[in-house]
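Lettering follows sequence order; numbering is per chain, from 1. The basis for the numbers below is simple: all heavy atoms, side chains too, and nothing from hydrogens, waters or symmetry mates. These numbers were taken from a predicted model, which means no experiment stands behind them.
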Amino acid sequence: MIMRFLHKFSSPPYFYAISGRMLPWLSALLLGLLAYGLYGGLVLAPADYQQGDSFRIIYVHVPAAWMSLFIYMVMAVSGAIALVWRIKLAEIVAISSAPIGAGFTFLALATGSLWGKPMWGAWWVWDARLTSELILLFLYLGVIGLYGAIEDKRAASRAVAILALVGVVNIPIIHYSVEWWNTLHQGPTVTKFDKPSIHVDMLIPLLAMAVAFKVYYAIALLIRCRNELLLREQSNRWVDEILEQR
Amino acid sequence: MNTVSSFAAFSAVVHRDLLLAYRHRAELLNPLAFFVLVVTLFPLGVGAEMALLKRIAPGVIWVAALLASLLSLDTLFKSDFEDGSLELLVMTPHPLSLLVLAKVTAHWLLSGAPLSLMAPLLAVMFGLQGDVIGILLFTLLLGTPVLSLIGAIAVALTVGLRKGGVLLAILVLPLYVPVLIFASGAVDAAMAGFPVSGQLYMMAALLVGALTLTPWPTAAALKMSLA
């Protein structure tokens, strides 16, 4: 049942039709979550006892950092699927994720430096988490550059898939090497097995923002995939039919 | 019929690459000269104060080694790709990952090994002491094969491209970070008189991991570049 749905979902015309119908719903969900998350985080949540109001950048910074890793995983997994089963949609998901992931990585770095200035007294420190996030940005840029450099887009997708898989093996190695090398960043406050060391009133808007960022990613990904599909399948009949309906 | 054993094929590829390099001796010296030059630029750039130079020597030598290895990577598959012998390698009955490993072995013997042997001389010029130089040499011998192995993946991905040069640097250098950190960390620890076995074990683990894992993506990338 699920397999049949997935099979159907991965066929380009069906994906194009159903993603078009999903987009308005996802956008509404995004607006709701953003409105609640931002209001709850910026207005309702109490100020931090140490960091005052400047901790509120957490509502952008932490979800962006989570997304930067999550999107890399999506890229690698869909790359693996593309390599093994040669599913066109998986190829497109892999490469369409890269610019969005790079964007979130950059956002995490930028908000991190804005947060670092009042807290640590410096825009940039060579701390483990910052450095590994910067290297992650370079990995994304490598993927985007490689895709751009290869003319044949299907071959480029396979190259990107190989590179993403190599990167996924390396991310933990890079993470731990820079962690042992130098550390200043505060420890995790939410993602640990113990009780989160963050107040519930601060936590709930943060989780709402995290889900909002995921929904935003889904929307951006769907739009990018739809464009890429139209480009790649422009000689197929179902694209002509869509264009005629316009 | 497959009459040649895999080991014979492996050594044949290594032998061929070494012979080819021997016939083009001048090209062999380029990465080495580059390595020495980059290291030489640092005293000119940051000042010739011996205490400072001693402090930054491990990092400088290792970063220069990374760049020299990056420079030498370009030759790994390029000429074979251009004259078509790479396609013949792919078509042999032997596993391509094994032949890739042979080519990387030859490449390391021609670039990483001489570079490692050159480094102690530079270390003396930066005022390092005997046992620290030994550790530096050891990290280079453990680390430069990892650089060749990881670099081979990126070269295989970009071998068919005309504008592969800068792209290669962007693909490869982020993946080199762990080697750089553990290697210069080991030399730093040795200079401060701390034990270095932890960092050396990590480098050995990286080497074993790279030896076992990288030939497959390299082979896959080569097949893709040739298709």
Check: So which of A/L163, A/L141, A/V143 has the largest heavy-atom pair count under 4.5 angstrom toward chain B?
Finding: A/L163

Identify the heavy atoms of [X] and [Y] that sit nearest to each other, and give their distance.
X: A/L146; Y: B/L167; value: N-CD1, 3.7 Å
X: A/V166; Y: B/P217; value: CG2-CB, 4.0 Å
X: A/S177; Y: B/P178; value: OG-CA, 3.8 Å
X: A/L139; Y: B/P174; value: CD2-CB, 3.9 Å

Item checked: Part of A/I162 lying under 4.5 Å from any heavy atom of chain B ->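 Side chain only.
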
With a 6.0 Å cut-off (strictly less than), is the heavy-atom count around [atom1] of [X], excluding the residue itself, greater than 12?
X: B/F138; atom1: CZ; answer: no
X: A/Q234; atom1: CD; answer: yes
X: B/F126; atom1: CZ; answer: yes
X: A/Y176; atom1: OH; answer: no
X: B/R55; atom1: CZ; answer: no
X: A/F106; atom1: CZ; answer: no

Margin query: Using heavy-atom distances under 4.5 Å, tell me whether B/I181 contacts chain A through its side chain, its backbone, both, or neither.
Written below: side chain

Notebook entry, point to check: Given that the side chain runs from C-beta out, which part of B/L173 has a heavy atom under 4.5 Å from chain A: side chain, backbone, both or neither?
Noted result: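 No part of it gets close to chain A.
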
Next item on the list: Working to the nearest 0.5 Å, report the span between CD1 of A/I150 and OG1 of B/T158.
Entry: 8.5 Å

Notebook entry, point to check: In Å, rounded to the nearest 0.5 Å, how long is the span from CD1 of A/I173 to CZ of B/F182?
Noted result: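 Rounded to the nearest 0.5 Å, the CD1-CZ separation comes to 8.5 Å.
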
